[in-house]
Asks: 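Attaching a single structure in structure tokens format; questions to follow.
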Amino acid sequence: MTNKKNDLVIKNYCSYDDIENFKQLSKNFKVNILISNPEILDVIKDNVFIDIVEHKIVPSPKGKSLEGISLTSNMLIIYLDINTKFQYISLLDECSVHTISSIEPCIVSIPLDDFSLSNLGININTFVEDVFYSIENSRQIYVNVTFLVTVE
Amino acid sequence: MGFSFKDKKLQEELSTKTKQLEFFTLIDNCSRVYLPFNSPSPVSINSSTLDIDVISVKLIETPTAYSFEGQNLSGNKFIIDLKITEKLLYTGLSQCENVFSVNNTSLIKSIYVVVPKEYNGKSICKIARTNNFLVTPIVLDSKIRLVDKDNVFSYISLLVNVTLF
């Protein structure tokens, strides 16, 4: 089985210079091909996008850790769904093309500035920076998604 | 959802002694809940209970470094193993709407908290040897989400605080 890595794609979020609240995350998971679908030979195309399901502000203790993490009294909790869709060539004799999709949950907590709850203008953006996938076996694909979550 | 302290003593200790937390780390954990094969498909989630146990704590030595990102390594770390047990009650798809439960106990997390080499004139090795520390996991937020009959997601946001004496 072959390992494939996407080409470097330059995203257009470089204009966001003055972001203060952000988090860089890397999430790995496995996508299983159902028994009803044929086995995989090679992946043709991948499509990964992130949905923001819900966000909420919860109180948290204050402090600055020795490691460098700062906590303010408000923490923004964001629930995300990582949607992956792969288009693949099957192992069948006719080499037919099929798709497999899956959803992977993710949670991000970002400490906010001293924030008044009356100010509810929160804008959350997610940027998929890199998608790495590798075919583990004929029914499993290992996926690693690197992404950035910003809050304005 | 607010804080979920395990008992009142810890809550008082956190509120009085450590107004500003010093040694802590934040972890976000999310996982897929696997329902038993024979049980019916879930219709709705009724309730969930979360219990966090500290399995083991050990002290290790690390290099002393400061990264460009802002991460600081002081030279010592506590490696803390947590076992997160989640019990879920759900209504199954059946004529009489039976209630089922499932235990999601496979969540074992290994995390680290950076601690100083000395605290109040005592070396961290002595503090670790004499058990003069307290590990407090605090649940900031947790949620169970039923996407469809095959996908039940569990989200947990945790703050693990270490208090040295």
Side-chain angles (χ1 to χ4, degrees), chain A residues 19-32 34-36 50-84 100-112 117 145 147-149, chain B residues 1-5 11 14-15 18-33 62 66-67 69-78 112-117 119 124 136 138-145 147-148 150-162 164:
Chain A
I19 306 168
E20 289 180 346
N21 302 318
F22 66 91
K23 206 159 206 180
Q24 179 87 53
L25 287 165
S26 177
K27 173 103 181 158
N28 52 27
F29 52 92
K30 284 176 181 174
V31 176
N32 293 311
L34 295 175
I35 204 83
S36 56
I50 297 174
D51 276 346
I52 298 164
V53 178
E54 190 188 336
H55 69 272
K56 63 169 90 165
I57 298 167
V58 297
S60 75
K62 281 186 179 180
K64 185 167 171 55
S65 78
L66 192 63
E67 192 189 349
I69 307 168
S70 289
L71 281 187
T72 56
S73 54
N74 292 304
M75 179 87 77
L76 179 69
I77 310 276
I78 308 166
Y79 301 103
L80 304 168
D81 272 354
I82 303 172
N83 296 282
T84 51
I100 182 81
S101 57
S102 80
I103 307 172
E104 191 66 20
C106 186
I107 179 170
V108 187
S109 57
I110 301 177
L112 289 179
L117 291 176
V145 181
F147 60 99
L148 179 76
V149 181
Chain B
M1 188 174 166
F3 300 111
S4 310
F5 296 104
Q11 191 177 359
L14 275 174
S15 59
T18 56
K19 283 181 183 171
Q20 293 270 329
L21 305 184
E22 289 175 296
F23 317 114
F24 61 87
T25 191
L26 273 174
I27 51 167
D28 299 324
N29 189 67
C30 50
S31 62
R32 196 179 286 263
V33 181
T62 63
Y66 186 77
S67 79
E69 196 184 352
Q71 193 179 17
N72 181 35
L73 294 181
S74 67
N76 284 98
K77 266 182 194 173
F78 272 133
Y112 66 88
V113 178
V114 177
V115 287
K117 282 186 176 177
Y119 186 76
I124 194 71
T136 321
I138 303 168
V139 180
L140 290 180
D141 194 29
S142 78
K143 185 182 177 177
I144 297 279
R145 191 160 73 93
V147 181
D148 53 49
D150 296 325
N151 291 315
V152 182
F153 295 157
S154 157
Y155 305 85
I156 302 160
S157 181
L158 273 181
L159 173 78
V160 181
N161 183 41
V162 175
L164 305 176

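Letters go in sequence order (proteins before strands), and every chain restarts at 1.
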Asks: Is it the side chain or the backbone of L66(A) that comes within 4.5 Å of chain B heavy atoms, both, or neither?
Replies: both
Asks: Which bit of V113(B) comes within less than 4.5 Å of chain A, counting heavy atoms only: side chain, backbone, both or neither?
Replies: neither
Asks: With a 4.5 angstrom heavy-atom cut-off, which part of L25(A) approaches chain B: side chain, backbone, both or neither?
Replies: neither
Asks: So which of Y112(B), F153(B), Y66(B) has the largest heavy-atom pair count under 4.5 angstrom toward chain A?
Replies: F153(B)
Asks: Identify the heavy atoms of P111(A) and M75(A) that sit nearest to each other, and give their distance.
Replies: N-SD, 3.7 Å
Asks: Please tell me if the side chains of K23(A) and D28(B) come closer than 4.5 Å, counting only heavy atoms from C-beta onward.
Replies: yes
Asks: Go through the atoms of E104(A) and report whether side chain, backbone, both or neither lie under 4.5 Å from a heavy atom of chain B.
Replies: both
Asks: Any side-chain heavy atom of L76(A) sitting closer than 4.5 Å to one from N21(A)?
Replies: no
Asks: Do the non-hydrogen side-chain atoms of F78(B) and L164(B) ever get within less than 4.5 Å of each other?
Replies: yes
Asks: Any non-hydrogen side-chain atom of C106(A) less than 4.5 Å from a side-chain atom of F147(A)?
Replies: yes
Asks: Would you mind checking which part of L159(B) comes under 4.5 Å of any heavy atom in chain A, side chain (CB onward), backbone (N, CA, C, O), both or neither?
Replies: side chain
Asks: Please determine, among G68(A), S65(A), S102(A), the option with the most heavy-atom pairs under 4.5 Å with chain B.
Replies: S65(A)
Asks: Are I52(A) and V149(A) packed together at the side-chain level, in the sense that at least one heavy-atom pair is separated by less than 4.5 angstrom?
Replies: no
Asks: So what's closer than 4.5 Å to chain A heavy atoms on S157(B): side chain, backbone, both or neither?
Replies: both
Asks: Counting only heavy atoms closer than 4.5 Å, note whether I156(B) contacts chain A via side chain, backbone, both or neither.
Replies: backbone
Asks: Relative to chain A, which segment of S31(B) carries a heavy atom at a distance below 4.5 Å: side chain, backbone, both, or neither?
Replies: backbone
Asks: In the structure I gave you, are the side-chain heavy atoms of I110(A) and I78(A) within less than 4.5 Å of one another anywhere?
Replies: yes
Asks: Side chains of I77(A) and Y155(B), heavy atoms from C-beta outward: is any pair under 4.5 Å?
Replies: no
Asks: Relative to chain B, which segment of L80(A) carries a heavy atom at a distance below 4.5 Å: side chain, backbone, both, or neither?
Replies: backbone
